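Order of the sequence lines fixes the chain letters, A, B, ..., with proteins taken first and strands second; residue numbering starts at 1 for each chain. Here the structure is a predicted model, which means the values were calculated and not measured.
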Number of protein chains: 2
Amino acid sequence: MVVLNPPRANHPRDWQPIVNALAAIVGKDGVVRRKEELLVYECDGLTSYRQRPDVVVLPRTTEEVAAVVQVCDRYQVPFIARGAGTGLSGGALPVEGCVLIVTARMNRILEIDLPNQRVVVQPGVINNWVTQAVSGAGFYYAPDPSSQIICSIGGNVAENSGGVHCLKYGVTTNHVVGLKLVLPDGTIVDVGGKIPEQPGYDLTGIFVGSEGTLGIATEVTLRILKAPEAIHVLLADFTSVEAAGQAVSDIIRSGIIPAGMEMMDNFSINAVEDVVATNCYPRDAVAILLIELDGLAVEVSANSQQIEAICRQNGARCIRTATDPIERLTLWKGRKAAFAAMGKISPDYYVQDGVIPRTKLQYVLREIESLSAKHGYRVANVFHAGDGNLHPLILFDNAVPGQLEAVEALGGDILKLCVQVGGSISGEHGIGADKRCYMPEMFSQVDLETMLLVRSAIDPKRLANPDKIFPTPRTCGEAARAKAHEQFPHVDRF
Amino acid sequence: MVVLNPPRANHPRDWQPIVNALAAIVGKDGVVRRKEELLVYECDGLTSYRQRPDVVVLPRTTEEVAAVVQVCDRYQVPFIARGAGTGLSGGALPVEGCVLIVTARMNRILEIDLPNQRVVVQPGVINNWVTQAVSGAGFYYAPDPSSQIICSIGGNVAENSGGVHCLKYGVTTNHVVGLKLVLPDGTIVDVGGKIPEQPGYDLTGIFVGSEGTLGIATEVTLRILKAPEAIHVLLADFTSVEAAGQAVSDIIRSGIIPAGMEMMDNFSINAVEDVVATNCYPRDAVAILLIELDGLAVEVSANSQQIEAICRQNGARCIRTATDPIERLTLWKGRKAAFAAMGKISPDYYVQDGVIPRTKLQYVLREIESLSAKHGYRVANVFHAGDGNLHPLILFDNAVPGQLEAVEALGGDILKLCVQVGGSISGEHGIGADKRCYMPEMFSQVDLETMLLVRSAIDPKRLANPDKIFPTPRTCGEAARAKAHEQFPHVDRF
């Protein structure tokens, strides 16, 4: 059905007319060409992949983005949008011979509509600024990736980012109600709106999480929520992973939906105590749960008591409850510092992002332990237990040749395990450049083909963030191509 | 960009080979051809549009649906899926020379997975059966259209149906996590899954609400929720619409999200008291609010007190609260009977479905009153006030020539008013055949064009439920075509 265009030519091209056309749109100071300045943009938060862009362009408005994209369309140059560059799957990784469109200057909050609980922002606005802008009136923006003080809303939209409060409030797609988009041919289009009930196709939904492959969002309409009256945080420590996992299941079964429910294993507990010394995470606990409850004071208090009882029934030794902001921060401190702590106890770490049904938690954690032993690399588990979103942190030393490849293989085995138990290869970091070779583990050829039908309809020249999400033979092996041809001999789909 | 195939030929065709091919798939008893039997299928809940299908086919499995669709693809016959036929926008209306695929035999609940809170059903399963199947274990399925005891899940998916509890729990799209689909060429594809976190494009989201224009869902994976511990219903009566509207705004502003918040005007109150005599809706009230709260007992009780205070501050004369199931049913009785009551006091009624920002409620209700006076037809207002989803019921007599056209024009004026204040032309009934001429009121040509790009990618022959959602010149006037050509001279898009 889909016949994609031939692969992009890799021959050297004359960039001067392109650079001139871009400078005419955004001004000379909006175009970066010097090699040493371009270095900053050669990777995002996934530092193991690097590719220097040929040109970086910094537009300020929707119209400038549209004009830039039209230049790319005219010269058949691939373009990649980049927000703050904090993504962990290489979604903003440049490709050879590309223009990188950086949204850093598109950092204005365009409208705050409190009665309708909407905020309209440019994509370069930092996640945390939204809450800051409305907290005085008693509102907040729910999705809270751990990078929320530096990551941009545009990047959140591209990767459909999550955070610790997704268990109760959902991920980015549940909080984006409308978008102004620049499509890959430079057309400006509005999808969704302030009102959630929109007839026709849900293009907002398909765009969120499409990782820049369908165009660029230049205005984002967000839903904000009323800040809860009360927040409690509970820290419960367990002597086995099974007991902690059972407590998670029992809490969900009780009908309570905590705002967040995080688990850390013994290795992570000791790593954070070594580095940040919270002095409240018991070093001999096999696992701890951090459970945040929010809502009305009476509701939080009642749920808090019930959760404490459930944890005790499952053998929790000690339960601490924090109700004021400072105590709560203390309990959260270790969890928030966990990734940084790994960076201090190991030269490098590789973070994976898989999802499993909650009911498989104990089994999967045991299997990860076996895989860790088999591959010979230590794995720390710090994760969103409530929604089964695992973040195994694999410790290694990138200076030792071969270690990166080995931990990537271990990470891949963990993803396959997630799929095997009915889970997913990404919870909140996206597929990007990093995990596209694993897409066929989760989706059949015809499932991927259906996504590519949509891709080809919106981006027929495949200029918008190419080589992301979908597997290609160049990186994922000629075998994939051969297999695809065997199954679908009538179509050249990669 | 999109070049659609030429319009379908309307010449008489030889149905015999098609009927034979269909009978070979579903058996002779699965194919309906007798004129008097076909009459049942000539309209759905929107009875003012009628078109008899040429063939009705009743498959039992995904594979049978796929084979039927392949026959349609081979013979270039348009096909339309139909669930229980309760839709109010003519989404299941046949077109000339079509095969109607009725899902009545696809009525099995395939899987109940309580630990993961998922139920997998065939599309012909009735909405209410899902709750019945899991209520013993303390769960329920949240979307509750007023037709829930007769409407099918497949129809709910197609129209992205709502209900009185959407305010807190969202519409169908928020409760469908995965689909097995038959695409318009007969390909079977899986989108989404049991796990909500799915990488790649959100095809589940784009399919829900696509009104059968992208294919047919043959298995639907639903999210079920834990039944709340307590439910309270409050009935508050007001002496002005402004006061009731202000109470709605103040409740939302307080941060409480009721499960449902319905408003009825004086005309509706008297109509239901005349017909069902609840004896608890005050006949002299200008408006009443029915507010349902659910959650923990302590939470519901606290919120109930706060809402009562807000209503009194806004001049509510009398507030009744129902806490046990029988009392709650009494308070709901009038609201649930409202549409039927209109049917008893008027030969016919036409129900409209528009959405407005809550902040515009008072203004829009006043304007509807003016429009009602101007057109000379009585309008009753019974609606989901919490999410601004209006259901004006226009009373008329279809036996009087010209009245249907006149009330359709009045309905159209109400929709335009909704769009003018920043709202939507459909909250939960869909666009179907009924409202597609109003799509350009809400969407620009380029917005619609972007939806059509997706349509054309998935259904290039435009056989899947044609003449729905998108305006066509045949029904919406040649002017639309001329305008489109003027804007996009390179494409024949209608």
Return the OG1 to CD1 distance between T450(B) and I188(A), rounded to the nearest 0.5 Å. 11.5 Å
Considering only heavy atoms, which portion of N160(B) lies under 4.5 Å from any heavy atom of chain A: side chain, backbone, both, or neither? neither
Any idea which heavy atoms bring Y201(B) and S210(A) closest together, and the distance? CE2-CB, 3.6 Å
Ignoring hydrogens and geometry, is there a side-chain-to-backbone donor-acceptor pair from S424(A) to E197(B) under 3.5 Å? yes
Chain A contact via T173(B) - which portion, at a heavy-atom distance below 4.5 Å: neither
Among R358(A), Q198(A), E229(A), M451(A), the residue with the most heavy-atom pairs under 4.5 Å to chain B is M451(A)
Among I256(A), V300(A), L214(A), single out the residue with the greatest number of heavy-atom pairs under 4.5 Å to chain B. L214(A)
Proximal component of I356(B), with respect to chain A [non-hydrogen, under 4.5 Å]: backbone
Name the region of L114(B), side chain, backbone, both or neither, that has any atom closer than 4.5 Å to a heavy atom of chain A. neither
Shortest non-hydrogen contact from V298(A) to A302(B)? CG2-CB, 3.9 Å
Between N389(A), V191(A), I257(A), L203(A), the one whose heavy-atom pairs under 4.5 Å with chain B are most numerous: L203(A)
Looking only at heavy atoms, the pair that brings G200(B) and I469(A) closest together is CA-CG2, 4.1 Å
With respect to chain B, which residue among D387(A), I252(A), V355(A), V454(A) yields the maximal number of heavy-atom pairs within a distance under 4.5 Å? V355(A)
Roughly how far, to the nearest 0.5 Å, is the CG atom of N303(B) from the CG atom of L296(A)? 4.5 Å
Can you give me the closest heavy-atom contact between G423(A) and I195(B), atom names plus distance? CA-CG1, 3.8 Å
Atom group of V189(B) that falls short of 4.5 Å from chain A, counting heavy atoms: both
Taking G255(A), S249(A), A297(A) one by one, which has the highest count of heavy-atom pairs under 4.5 Å against chain B? G255(A)
Between V171(A), D190(A), N174(A), I458(A), the one whose heavy-atom pairs under 4.5 Å with chain B are most numerous: D190(A)
Heavy-atom cut-off 4.5 Å, strictly under: side chain, backbone, both or neither for Q117(B) against chain A? side chain
Among T204(B), N116(B), I425(B), L225(B), residue most engaged with chain A (heavy-atom pairs, under 4.5 Å): N116(B)
Quick check on the interface: out of E428(B), M439(B), R455(B), who has the most heavy-atom pairs with chain A under 4.5 Å? R455(B)
Can you tell which of E159(B), K468(B), M442(B) has the highest number of heavy-atom pairs within less than 4.5 Å of chain A? M442(B)
Criterion side chain to side chain contact (heavy atoms under 4.5 Å, CB included) on V208(B) and D202(A), from CA distance to verdict: CA-CA 8 Å; V208(B) 176; D202(A) 180 15; over 6 Å; no
Is K194(B) close to P357(A) at the side-chain level, that is, under 4.5 Å between some pair of heavy atoms? no
Which value, rounded to the nearest 0.5 Å, describes the distance between L181(A) atom CG and D447(B) atom CG? 9.5 Å
Heavy-atom cut-off 4.5 Å, strictly under: side chain, backbone, both or neither for F443(B) against chain A? side chain
Between S426(B) and P199(A), is there a donor-acceptor pair closer than 3.5 Å when you use the side chain of the first and the backbone of the second? no
